[in-house]
Amino acid sequence: MSDSEDDIVLARRTKKQPSLAANESDEDDVPLSQLKKESSPDDTSISSNSQKSASKNSKASKRKTPSTSSQPKKRVKKEVKDEEEDDDDDDKPAKAPAKKPVKKEETPNSDEPEEETYKWWEDQKDDDTFKWDTLEHHGVMFPPPYEPLPSHVKLYYDGKPVDLPPDAEEVAGFYAALVETDHGKNPVFQKNFFNDFLQVLSESGGCNVDIKEFEKCDFSKMYNYFELKKEEKKNVPAFEKKRIKLEKEKEEEPYKFCLLNGRKEQVGNFRVEPPGLFRGRGAHPRTGKLKRRVHPEDIILNLGENAAVPPPPEGHNWGEIKHDNTVSWLAMWRENVLNSVKYVRFAANSSLKGMSDYKKFEKARELKYHIEAIRKDYQSMLRDKLMLNRQIATATYLIDIFALRAGGEKSEDEADTVGCCSLRYEHITLSPPNTVVFDFLGKDSIRFYQEVQVDHQVFKNLKLFKKAPKKPGDELFDRLDPSILNKRFQNYMPGLTAKVFRTYNASKTMQDQLDLIPNEGTPAEKVVKFNAANRTVAILCNHQRSVAKGHEAAIQKITDRIKEMLWQKIRFKRMMLQLDKNLKKKKPKYFEELEDLTKEDELEIHKVIIERERDKQHKKFARDNEKRKEDGEKLLPESELKEALKKVDELEKEYAKEAKSGKPEVKPANTTVEKLEAQVEKLEQRIANTTLQLKDKEDNSEVALGTSKINYIDPRLSVVFCKKFDVPIEKIFTKTLRDKFKWAIESVDEDWRF
DNA sequence: AAAGCGACTTAGGAGGACCTTA
DNA sequence: TAAGGTCCTCCTAAGTCGCTTT
């Protein structure tokens, strides 16, 4: 990568790793619930039968399907301009699904025996205009109908209780549940909600009160009721919770799976989105609007011609039945807030999703054979006489170097966010000679703020794009939009688009970072380094998360803990000096830090410890008595507590004395200098650990690692890392990710490179 | 060529599950 | 044994990009 001055920090200790035994929950192979084909009066049933049986004996047939072209010829990349290529050309032309992973008898590891699934990656097909031959599924799961609130829970208007019709009450309830949240406090949200609420109210027949102003609505009774319910739910005994959970699982069982070409595959979001208030991100003009309930009549199902049509809910009909095998969705409906389409799709671990994921990464890998030419070209095109070309070159530069998104045009009724092509005058600040400050809201209204040095010509160009009469509000790249850019990219490589650069640069960065990690230390330490590499990628892609509520406090707590450990350490050293006065002369360095602890700090720590001790005693006393009460024993007398507290008082006195003299009492009588040294050493270790932990926590507080791990880093990189470094894959991929990336886990060998 | 649409990937947050710690 | 934190999954919004329509 060229001039990335933004130094990216490496190596951090990360918090504890998830335990080895990732949830081995059962969920695995449940027999595809019998298709209930009875209903559907239409033809179909026969073939549905055949499909089903196909799946049954597929067990035999699956394994390695004959696979017509196990050697997909894949396009031969044009080696054109760029052979020399940056470092890693060691790698043969990107191509080819790994052929039969040689894999010996499968290590015992692999979770569960698990009737194996279709290994599509051993059997690649090139053409994906048709996504399936046969497709059978059970439709979608609807949310439960609305249950009216008990009659004592009401909305109040201007102090008066309101009798709302159920439909309106439901909407009021949507809002009531959110009053205390950021959304609930957002005026736009309130306004949009209120409009829609009034509309539903009038649609459903109105009520006994003339509701006019949002401000006069009092949702607190409803809110409290919901809180109460939440509390109740929390307190349901464990066995009951378990039962409920089981019941839920049973209910969703039929929807979870479908048959794709006769093979069982998981469905992703088989639940229809429940009604609610639209929670737009950032300053979304429509946030708070009512997202209406979706009915079977709104839903279009997509399945095989011969598949049984799942019966619609009692008394309803499906909106439409389609048999379009050029798409991979199972059902769709149109949502009313943005008028956009919602799809029910396959799960991430499905073959279809897996294949396109695989293709995505292969496409990104292919870019490495062209990137050099592309960079060379845009460098020179930065000075092109044609404005359009300069803009293209400059935009490409930004996309390549700073991993910006393409940045399509957005409409008035969406949040004002931008990407590369839609950057405006006010989003960049230039300061000579070549510093650019980016400050804009990107996808999801996440702020992109970076102060960077850019190529000289880029700086000039940006200045040019800002030149009068351009003014705030005007687009920097006024000749450009993503489709123009993407069309140019096609010239270098078929299928190359702006987003491929992000994938490429992310995975490339990961590869480079992993290459720097030495193969040493414990697995846990290696995982820390892996995460550090992951973090550089996340930073590159600007994947952020909001800092957790308690973050500040958590940091403070750790800092205090470190301080206390330091104090304790110094205390031990002081004890040593009492045992052997000459030590200080013998090892001046060792005792230097005695000076580091200020009187104030020491006193403060004393105070904290004493307070904590007192608190502890109080709590213990209360707890013990609580227990006794339950057991019907007689309570401990107050004097017991007094006694305990007296001990603390003594400790306090001791500390006071110690603070004055600077000579802590050498505690256990048989203490020796050696023992103290050992203690000090232990503390030092702990301090080092905790400090690392603190740093990690701080560095990580605003960075989301997950997004890049899931979408940008070629999973084969992680797999190779684990293999080479003897790190269990469970430390890197959760169960879900292992399922999603099964193709990578099973197909790659140690020498694989991105 | 612009606008709109359809289908797909990418994204952060909510909330529950799970683990650690007192 | 509860409380507190972290991790994981689910949820659904918000992008990208190709294609169709005007």
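Throughout, a chain's letter reflects where its sequence line sits, starting with A, and its residues are numbered from 1.
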For A:Glu335, the side-chain hydrogen bond (donor to acceptor under 3.5 Å, both in side chains) test, sequence neighbours excluded, returns A:Ser340
Checking all strands, does A:Ile446 fall into the base, sugar-phosphate, or nothing category for heavy-atom contacts under 4.0 angstrom?
-> sugar-phosphate
Can you tell me how far P of B:dC8 sits from CG of A:Asn711, to the nearest Å?
-> 17 Å
Quick one: label A:Lys241 by what it contacts on the DNA or RNA (base, sugar-phosphate, nothing), any heavy atom closer than 4.0 Å.
-> nothing
So does A:Thr734 get a side-chain nitrogen or oxygen closer than 4.0 Å to the phosphate oxygens (OP1/OP2) of C:dC7?
-> no
Hits for salt bridge (Lys or Arg N to Asp or Glu O under 4.0 Å) against A:Arg243, two or more places apart or cross-chain, chain-then-number order -> A:Glu240, A:Glu247
Mind calculating the distance between CZ (A:Phe733) and P (C:dC7) to the nearest angstrom?
-> 17 Å
Per salt bridge (Lys or Arg N to Asp or Glu O under 4.0 Å), A:Asp196 is matched among A:Lys291, A:Lys289, A:Arg292 by A:Lys289
Please state how far atom CD1 in A:Ile710 lies from atom P in B:dG13, giving the value in whole angstrom units.
-> 14 Å
Please check the phosphate of C:dT9 (OP1 and OP2 only) for any side-chain N or O of A:Lys735 closer than 4.0 Å.
-> no
Would you call the rings of A:His543 and A:Tyr712 parallel, tilted or perpendicular, where under 30° means parallel and over 60° means perpendicular?
-> tilted
What's the CD1-P distance between A:Ile732 and C:dC8, to the nearest Å?
-> 11 Å
For B:dA11, does OP1 or OP2 lie under 4.0 Å from any side-chain N or O of A:Thr707?
-> no
Base, sugar-phosphate alone, or nothing: which one does A:Ser356 contact when heavy atoms must sit under 4.0 Å apart?
-> sugar-phosphate
Using the ring of each side chain (for Trp, its six-membered ring), is A:Trp318 parallel, tilted or perpendicular to A:Phe142, with breaks at 30° and 60°?
-> parallel
Take the protein atom CH2 of A:Trp132 and the nucleotide atom P of B:dC8, then report the distance between them rounded to whole Å.
-> 12 Å
Whole-Å gap separating C1' (B:dT9) and NZ (A:Lys363) | 16 Å
Sugar-phosphate means primed atoms, P, OP1 and OP2; the rest is base. With that split, encode nucleotides 12-22 of chain C 5' to 3' as B, S or - using protein heavy atoms under 4.0 Å.
-> BSBSSSS----
Could you list the protein-to-nucleotides 4-7 of chain B atom pairs, N/O on both sides, closer than 3.5 Å?
from: B:dG6; atom 1: OP2; to: A:Arg334; atom 2: NH2; distance (Å): 2.5
from: B:dA7; atom 1: OP2; to: A:Tyr343; atom 2: OH; distance (Å): 2.8
from: B:dA7; atom 1: O5'; to: A:Tyr343; atom 2: OH; distance (Å): 3.3

At what distance, to the nearest 0.5 angstrom, does CG of A:Leu651 lie from CD1 of A:Ile610?
-> 4.0 Å
If each of A:Tyr712 and A:Lys245 is mapped to the nucleotide of DNA chain B with the nearest heavy atom, which maps nearer the 5' terminus, i.e. the 5' end?
-> A:Tyr712
By ring-ring contact (aromatic ring centres under 6.0 Å, His included), which residues pair with A:Phe489, not counting sequence neighbours?
-> A:Phe501
Using whole Å, report how far CG of A:Asp714 lies from C1' of B:dT10.
-> 16 Å
Residues forming a side-chain hydrogen bond (donor to acceptor under 3.5 Å, both in side chains) with A:Asp481, sequence neighbours excluded | A:Ser483
When the nearest nucleotide of DNA chain B is assigned to A:Lys230 and to A:Arg502 on a heavy-atom basis, which residue is associated with the more 5' position?
-> A:Arg502
NZ/NE/NH1/NH2 to OD/OE distance under 4.0 Å, A:Lys735 and A:Glu730 = no
A:Lys709 NZ to B:dA11 C1': how many Å, rounded?
-> 16 Å
Would you call A:Arg286 and A:Glu414 a salt bridge, taking side-chain N to carboxylate O under 4.0 Å as the test?
-> no
